[in-house]
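Excluded from the calculations below are hydrogen atoms, water molecules and symmetry mates; all remaining heavy atoms, backbone and side chain alike, are included.
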Amino acid sequence: MTDLTLLTRTSVAVPTPPERIVHLGLGAFHRAHQAWYTAHASDADQWGIVAFTGRSRDLVDRLAQQDGLYTIVERGADGDRFEVVPSIVRVEAGDDVPAFVTAVAAPQTAILTLTITEAGYRLAADGTVDLADPVVASDVAMLRSALVREASLAPARAAEPSSALGRVLLGLDARRRAGAGPIALVPCDNLPNNGGLLRRALADLAGRVSDELAAWLSANAAVVSTSVDRITPAIDAVIESAAIGRATGCLDAAPVVTEPFSDWVLSGEFPAGRPEWEAAGARFVDHLEPWEHRKLWMLNGAHTVLATLGQARGHAVVSTAIEDPVCRAAVESLWDDDAAQLPDLDLTAYRAALLTRFRNPRIEHRLTQIALDSTTKVRLRIVPVALRELAAGRAAGGCAAAIAAWILGVRSGTAALPGGIAAVAASEPLEAAARDALLTALDSGFTDHPGFADLVGSALARLSPDKSLVPLH
């Protein structure tokens, strides 16, 4: 590989757009999703991204030598497509707080995007900042001390909070002090109503440290809610870099592998402007909730079925599980229930796209990973649809089969579950076991629908590979 050309803007002759977007939480998903959409916007030459990692300096080192460039490998069932993405123009370490504050406060910055993961928000169960978290408590005290000083940039920059939201708030306060104008905040984490979550968390945090900042946020920080979707599996960077070298002649130390499919739905205002992401396929809608439900119930719900039932039937990855007629029928039945609870969101095409994605054998999506915390996932992805279907007077048979798949996974030891489910013993009748699982573990109002538990029991008997119960492990 000594004859390869290092991937740089000079070597591949791509321009450097001006820095107008700041991102916190640089990783594979951001580079496959928001950075890709920005590169494909019709006005991409006007929108460069300054990207900050979570804390990693390794990715900074690898991308900095490449001027922020990297290769996306779109891994389709029939082959790979290689594309150099030029939208990230500067990469910084996430723990470089002064650099982050300066970037957010810059007048030309119009958007701050976030992929900090659910844990990165450090919130209590009610959505407020978790003061029981020592990192949060320390940041609140630090920010309160720093932000009440004289109205200059220097005092705020002296503080270096550890939490992601603490850093965001510090940057926004610097922007307020600089008079840099309004900004759009765009969370891209896979959370329901992520914009509302971020808005409430920042308002709570600001209210604890500075009344002036809290008032400025309310008037100047627009929060956009999003639904995001694109699978970006973990990779062996050395292997992928070698393949890229053979295909393109370039040395890329920071490649990203992703599927051909992508989806991005946004709802909210951009007071300082935004890229024309719709040219790349993004949707801008007034009401995000139906689109969130479509993804959560149909994509994520099907993944939960495949992870639990698929493993019980001997499969290891999504692509083989979906080809199993029993698994496929369970997924299709769940989708029928989902469709009855969704408005017209082009569901026929979406279902076809999901099947194509699931069948792609070159995107290795392991069922053991998807099955983690499956009880919580069933509560969020399956139970709401079941309750709505039952309230509408329908049987919710697809949801019953999905919950039966979860119980089967529990009994075969492939699904995570709380201690209370241990009451489901192998010697109990199917119906009683299913009812106990539903009422004890899910606790979601099924007491008003005793017949549904019986339906789950019947589905459990039908789905069990050997028609018998497997003792708990």
Side-chain angles (χ1 to χ4, degrees), residues 29 32-34 36-37 40-41 186-197 223-232 258-270 274-306 318 322 328-360 363 365 370 377-402:
F29 178 74
H33 198 267
Q34 299 95 52
W36 180 89
Y37 274 94
H40 284 258
V186 187
C188 298
D189 289 294
N190 190 21
L191 298 169
N193 189 23
N194 54 20
L197 180 148
V223 183
V224 178
S225 293
T226 67
S227 173
V228 299
D229 188 10
R230 197 172 203 186
I231 296 172
T232 53
T258 191
E259 62 177 333
F261 177 92
S262 65
D263 191 52
W264 197 11
V265 188
L266 306 93
S267 181
E269 301 297 324
F270 290 82
R274 63 167 177 81
E276 294 179 359
W277 284 318
E278 58 267 49
R283 297 184 186 89
F284 292 85
V285 301
D286 293 329
H287 303 290
L288 188 67
E289 186 177 55
W291 300 93
E292 289 184 315
H293 285 164
R294 187 184 76 162
K295 175 180 180 291
L296 184 68
W297 295 347
M298 298 186 72
L299 169 67
N300 301 128
H303 270 163
T304 296
V305 170
L306 293 173
V318 168
I322 194 61
R328 168 73 180 274
V331 166
E332 293 278 10
S333 181
L334 175 64
W335 284 347
D336 289 342
D337 284 359
D338 294 336
Q341 293 299 323
L342 289 168
D344 183 14
L345 301 177
D346 198 10
L347 296 183
T348 299
Y350 187 65
R351 287 173 71 152
L354 287 177
L355 283 176
T356 298
R357 298 172 71 189
F358 290 170
R359 285 170 164 163
N360 184 349
I363 294 290
H365 211 169
I370 300 172
K377 291 173 180 176
V378 167
R379 286 196 186 103
L380 295 175
R381 303 170 178 183
I382 311 298
V383 169
V385 180
L387 292 175
R388 292 182 185 206
E389 281 290 275
L390 292 169
R394 293 187 286 269
C399 295

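- The aromatic ring centres of H365 and F358 sit 6.0 Å or more apart.
- Note that the CD atom of Q341 and the SG atom of C399 stand 8.5 Å from one another [nearest 0.5 Å].
- Of all heavy-atom pairs spanning S227 and W291, the tightest one is OG-O, 4.1 Å.
- The distance from atom OG of S225 to atom NE2 of H287, rounded to the nearest 0.5 Å, is 12.5 Å.
- Between W277 and F284, the ring planes are parallel. Angles under 30° get that label, and only those over 60° would be called perpendicular.
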side-chain contact (heavy atoms from CB on, under 4.5 Å) between W297 and L334: does it pass, once the steps are laid out? CA-CA 9 Å; W297 295 347; L334 175 64; over 6 Å; no
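- A 4.5 Å side-chain heavy-atom check between P290 and L345 finds at least one atom pair inside the cut-off.
- Counting only heavy atoms from C-beta outward, the side chains of T356 and P260 never approach each other to under 4.5 Å.
- Side-chain contact between M298 and R351: present, with at least one pair of heavy atoms (C-beta onward) separated by less than 4.5 Å.
- The shortest heavy-atom contact between K295 and V228 is CE-O, 2.8 Å.
- The pair R357-E259 meets the salt-bridge criterion, since a charged nitrogen lies less than 4.0 angstrom from a carboxylate oxygen.
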D344 vs L347, test: side-chain contact (heavy atoms from CB on, under 4.5 Å). Steps then yes/no. CA-CA 7 Å; D344 183 14; L347 296 183; 5.8 Å; no
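- Between atom CG of residue L354 and atom NE2 of residue H303 there is a gap of 8.0 Å, rounded to the nearest 0.5 Å.
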Let's go through V224 and E269 carefully: what are the C-alpha distance in whole Å and the side-chain angles of both, what is the deciding distance for side-chain contact (heavy atoms from CB on, under 4.5 Å) to 0.1 Å, and is it a yes or a no? CA-CA 6 Å; V224 178; E269 301 297 324; over 6 Å; no
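- Closest approach of P384 and L380 over heavy atoms only: CG-O, 3.5 Å.
- When only modelled atom types and interatomic distance are considered, T226 and N194 share a side-chain donor-acceptor pair under 3.5 Å.
- A cation-pi contact, defined as under 6.0 Å to the ring centre and within 45° of the axis, links R294 to Y350.
- Side-chain N or O atoms of R381 include one that pairs as donor or acceptor with a backbone N or O of N300 at under 3.5 Å.
- Residues W335 and L355 are in side-chain contact: their nearest non-hydrogen atoms beyond the backbone lie under 4.5 Å apart.
- Rounding to the nearest 0.5 angstrom, the gap separating the CG atom in D338 from the CZ atom in R388 is 10.5 Å.
- Residues R230 and W264 fail the side-chain proximity criterion, which asks for heavy atoms closer than 4.5 Å.
- The shortest heavy-atom contact between D263 and H33 is O-NE2, 2.8 Å.
- Between the CD1 atom of I231 and the CG atom of L299 there is a distance of 6.5 Å, given to the nearest 0.5 Å.
- The closest side-chain heavy-atom distance from V318 to I370 is below 4.5 Å.
- Among all heavy-atom pairs drawn from S333 and G397, the shortest one is OG-C, 4.1 Å.
- Within a 6.0 Å radius of CD in E332, more than 12 heavy atoms belonging to other residues, nucleotides or ligands are found.
- Expressed to the nearest 0.5 Å, how far OH of Y37 lies from OG of S262 amounts to 3.0 Å.
- Nearest heavy-atom pair, I322 versus R328, reported as atom, atom and distance to 0.1 Å: O-CB, 3.5 Å.
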Could you go step by step and tell me if F261 and D229 meet the side-chain contact (heavy atoms from CB on, under 4.5 Å) rule? CA-CA 8 Å; F261 177 92; D229 188 10; 3.5 Å; yes
